[in-house]
Amino acid sequence: MPELPSRDGSPGLEGAVVGRRIVEVKVLGRRTVRRQSPAELVTRLEGRKFATAGRRGKFLLLSLDDDAVLVVHLRMSGQLLHLSGAQRWPMAPHTHVVVALRGRDRASLRRSADLREWSSPPRSTVAAYPSSSRISGGTRCSKGCRPPTLAARLAGRRAGLKALLTDQRMIAGIGSIYADRSVSGQSSVLTAPEVVERGEVTSLAKAARAVLRDAVASRGSSLRDLRYRDLDGEVGSFQERHAVYDRAGERCRRCGDHVERLKIGARAAYLCPGCQL
DNA sequence: CGCATATCCTGACTGC
DNA sequence: TGCAGTCAGGATATGC
């Protein structure tokens with residue numbers, strides 16, 4: 001299921017929207033636009049061109065050709081759909097925002113189903129914008145993946161590693177699945193940082209970096225649209241390499257012990273008693 | 001402040 | 001087969 005906007009730098013999204021002009025924006029959902037009124041969003045977007053496509057943590061950032069940036073967060077079930085002008089576009093259920101683009105040759109449409117957050121703050125405020133959402137990371141995992149930074153951020157905290165790692169202030173982009181994947185060795189998702197040894201923080205940071213890199217790389221499929229990857233996703237070798245995640249009762253791929261499932265907050269967590277102590 | 005819990009929404013899945 | 005119920009996923013408001 002979803003965790004990270006697909007493709008670092010979002011070439012799929014980039015190819016679909018960068019350089020294209022927005023001719024019309026319709027807001028259909030009532031709770032989709034945040035931090036501003038739907039009318040303001042529409043006014044900011046219509047007539048503008050998309051200049052760049054990027055990402056910051058789990059936020060998609062589409063800069064416009066003026067001083068604004070379109071910020072999109074898909075939360076858990078959000079999805080972006082792209083349909084070219086040649087395609088018919090039956091309105092999918094729960095379509096919240098529709099953005100019509102002017103194409104090179106003819107009109108094409110970008111449709112968004114089930115978006116959970118759209119806003120368009122001025123570009124000058126973007127660095128500050130994610131702070132309201134408590135994002136500290138950059139494009140991929142930025143400073144949070146540096147062991148000293150991670151160690152500093154974990155210092156003094158008493159909650160378990162999973163609860164902490166999924167806080168975007170630790171390492172932007174880490175979600176439930178990637179948190180589980182990042183933890184191994186002497187620690188588990190339940191371990192409090194105070195008992196985590198220094199060397200383990202280093203491997204934690206390295207693991208998180210690797211998880212994000214692999215996750216982003218392994219979704220390079222033929223999809224033109226932008227969507228979160230599916231945990232049971234068809235192609236990706238990624239989920240096949242989970243050692244413990246979503247493998248309750250099965251054998252850990254690292255040590256062969258039986259994987260246990262537990263709940264941390266409202267989320268499932270998996271741990272292997274053999275190699276995660 | 002830190003931590004836990006409830007809540008939002010939808011598609012997938014489970015059980016009757 | 002259809003329908004109701006449950007759950008996962010990310011962020012955040014609320015309560016302690």
Side-chain angles (χ1 to χ4, degrees), chain A residues 1-6 27-36 55-61 71-81 90-97 111-119 121 129-137 141 144 152-182 189-196 208 211-212 215-216 219 225-234 236 238-239 242 244-249 259 261-271:
Chain A
M1 281 307 191
E3 285 227 4
L4 213 57
S6 69
V27 177
L28 308 171
R30 293 197 308 135
R31 325 170 80 125
T32 302
V33 177
R34 311 213 179 187
R35 299 177 167 87
Q36 65 191 155
R55 159 167 92 69
R56 183 181 176 89
K58 298 171 186 175
F59 288 81
L60 296 171
L61 304 177
V71 178
V72 177
H73 195 303
L74 303 182
R75 300 286 176 112
M76 296 194 279
S77 50
Q79 187 179 28
L80 281 176
L81 300 175
M91 188 70 78
H94 313 297
T95 297
H96 289 190
V97 178
R111 184 186 60 186
S112 314
D114 183 28
L115 297 186
R116 296 317 169 84
E117 171 157 353
W118 281 55
S119 59
Y129 171 86
S131 72
S132 64
S133 303
R134 315 200 306 183
I135 285 276
S136 69
C141 63
R153 290 178 180 172
L154 290 173
R157 306 296 297 267
R158 294 171 163 268
L161 283 177
K162 173 153 185 167
L164 294 171
L165 287 176
T166 49
D167 183 332
Q168 297 301 290
R169 286 173 294 187
M170 291 293 164
I171 302 175
I174 294 286
S176 179
I177 297 171
Y178 303 159
D180 284 8
R181 276 189 66 115
S182 301
V189 290
L190 293 173
T191 311
E194 55 188 351
V195 300
V196 176
V211 162
L212 289 172
V216 168
R219 88 194 60 213
D225 52 348
L226 175 88
R227 62 174 64 180
Y228 281 134
R229 83 191 304 282
D230 190 319
L231 175 62
D232 301 311
E234 54 283 48
F238 193 61
Q239 93 279 354
H242 288 323
V244 297
Y245 190 85
D246 201 24
R247 292 174 56 76
V259 174
R261 177 186 190 278
L262 37 113
K263 271 208 153 187
I264 296 178
R267 295 284 162 264
Y270 298 86
L271 68 83

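Throughout, protein chains are lettered first and strands after them, A, B, ... in sequence-line order, and every chain is numbered starting at 1. In what follows, every heavy atom counts, from backbone to side chain, and hydrogens, waters and symmetry copies are set aside.
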Residue R158(A), side-chain heavy atoms: nucleotide from dC3(B), dT10(B), dA11(C) that is nearest:
dC3(B)
Starting from P on dA11(C), measure out to CG on L60(A) and report it in whole angstrom.
12 Å
Figure out the CG/P separation between L164(A) and dA4(B), and round it to whole Å.
8 Å
If you only use heavy atoms from C-beta on, which nucleotide in dA11(C), dG10(C), dC3(B) is closest to the side chain of R267(A)?
dG10(C)
Think H73(A) has a side-chain N or O under 4.0 angstrom from the OP1 or OP2 of dA11(C)?
yes
For R153(A) and dG2(B), give me the distance from atom CZ to atom P, rounded to whole Å.
13 Å
Looking at H96(A), does any N or O in its side chain come under 4.0 Å of the phosphate oxygens OP1/OP2 on dT10(B)?
yes
Rounded distance (nearest 0.5 Å) linking atom CD1 of I174(A) with atom CG of D180(A)
10.5 Å
Let me know the distance between CG of L154(A) and C1' of dC3(B), rounded to the nearest Å.
15 Å
R247(A) and V259(A): which non-hydrogen atoms are nearest, and at how many Å?
O-CB, 3.2 Å
Can you tell me the distance, in whole Å, between the CG atom of D167(A) and the P atom of dA13(C)?
14 Å
Can you tell which of dG2(B), dA11(C), dA4(B) lies closest to the side chain of A159(A)?
dA4(B)
Round to the nearest Å and state the distance from R157(A) atom CZ to dA4(B) atom C1'.
12 Å
Closest non-hydrogen atoms of A172(A) and L212(A), given as atom of the first, atom of the second and distance, are O-CD1, 4.0 Å
Pick from L190(A), L161(A), L271(A): which one makes a side chain to side chain contact (heavy atoms under 4.5 Å, CB included) with I264(A)?
L190(A)
Work out which heavy atom in A208(A) is nearest to a heavy atom in I171(A); give both atom names and the distance.
CB-CD1, 3.6 Å
Y270(A) atom OH is separated from dC7(C) atom P, nearest whole Å, by 12 Å
OP1 or OP2 of dG10(C) under 4.0 Å from side-chain N/O of Q168(A)
no
Without decimals, in angstroms, what is the distance between R169(A) CZ and dA11(C) P?
12 Å
